[in-house]
Amino acid sequence: MVASLKIVHHKRLQSTNSTAYRLAQLSAPEWTVIVADVQTKGRGRGRKKWESPKGGLWFSILLRPNVSSAKLPLLQFLAAIATRKALENQTGLSVRLKWPNDLVLGNAKLGGILIESKTLGDSVSFAILGIGVNINQTKSQLPPGAVSLRLVSRKKHDLRTLLRAILDQIKSSSDDLDNASRIMEEWWHNCIHRPLRVQVTLPKGAVSGISKGIDEDGALLIETDGGKIRKVSEGSLRLLYD
Ligand code: BT5
């Protein structure tokens, strides 16, 4: 039996992930959800900034999954497929996925997912699942390469309804964490670079080739020009159209 959702709404926060992380350390129950209308220090991976003006959906879910820390990357993929499905069901728009953590509409970035966690050896003390989706922003409120639901559907969407739909979808699929191959199959099925030519910029250097799939630990498999399969665990991916 999973606990019920507790949604805590703020007008303005630095980052919903930071607030959720602090609450987790203070023993807040899992499925506490922190939402903010505006984030003043929204974060992406590494030191990247996440633009979070009013009009988008910025929230973090506190989870205490009973899995080994090796399974944490799966949570990000599970969240991506659940968010994708909820958005598509609610809007009829075709939301797709890009490795490792992007939600994409057309060729532009609609949203992203940021997992932060505290682990004790092999076990997970808690995980913060941060999700950002551009909903009602106009073009001038979006960074280059980004899109909002409104830009494509040409209408405004109700943030609360979308939040509820995403949370319900994540909650009802959270037991699937035991089924890594199913999560990865569904993720790959909705991936925009399946199987296309890509380049992944790594912390050091870059790898290019045909993206062939994702491993159960979340790594991307790339077939390089020499025919070898390279396993890439982190980096930024772009599609190559040559
Ligand atoms: C992500 O990082 O895509 C994860 C974003 C997670 C944001 C949520 S909002 C709620 C929670 N609280 C937080 O503080 N964060 C989470 P990454 O893959 O590193 O992408 C970051 C890059 O996306 C930036 O360097 C920009 O190029 C681009 N970007 C920034 N803001 C954007 C936006 N609103 N829409 C689309 N792209 C954006």
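Counting starts at 1 for both ligands and their atoms, in listed order.
A salt bridge between Asp37 and Lys11 is absent, with no side-chain N of the basic residue lying under 4.0 Å from a carboxylate O of the acidic one. Of the charged side-chain nitrogens involved, none lies within less than 4.0 Å of a carboxylate oxygen, so that Arg182 and Glu186 do not count as a salt-bridged pair.
A heavy-atom cutoff of 4.0 Å around ligand 1 is satisfied by the protein residues Ser15, Thr16, Asn17, Gln39, Gly42, Arg43, Gly44, Arg45, Lys48, Lys49, Trp50, Glu51, Phe59, Ser60, Asn101, Lys109, Gly112, Ile113, Leu114, Gly130, Ile131, Gly132, Asn134, Pro143, Ala146.
Among residues at least two apart or in separate chains, salt bridge (Lys or Arg N to Asp or Glu O under 4.0 Å) pairs with a member in residues 116-135 are Arg43-Glu116. Annotation: salt bridge (Lys or Arg N to Asp or Glu O under 4.0 Å) contacts involving residues 147-169, sequence neighbours excluded, comprise Arg164-Asp168. Applying the salt bridge (Lys or Arg N to Asp or Glu O under 4.0 Å) definition to pairs two or more places apart or across chains, those involving residues 208-219 are Lys212-Glu223, Asp215-Lys231, Asp217-Lys231.
Under the 4.5 Å side-chain contact rule for hydrophobic residues, Ile128 and Val33 do not share a cluster.
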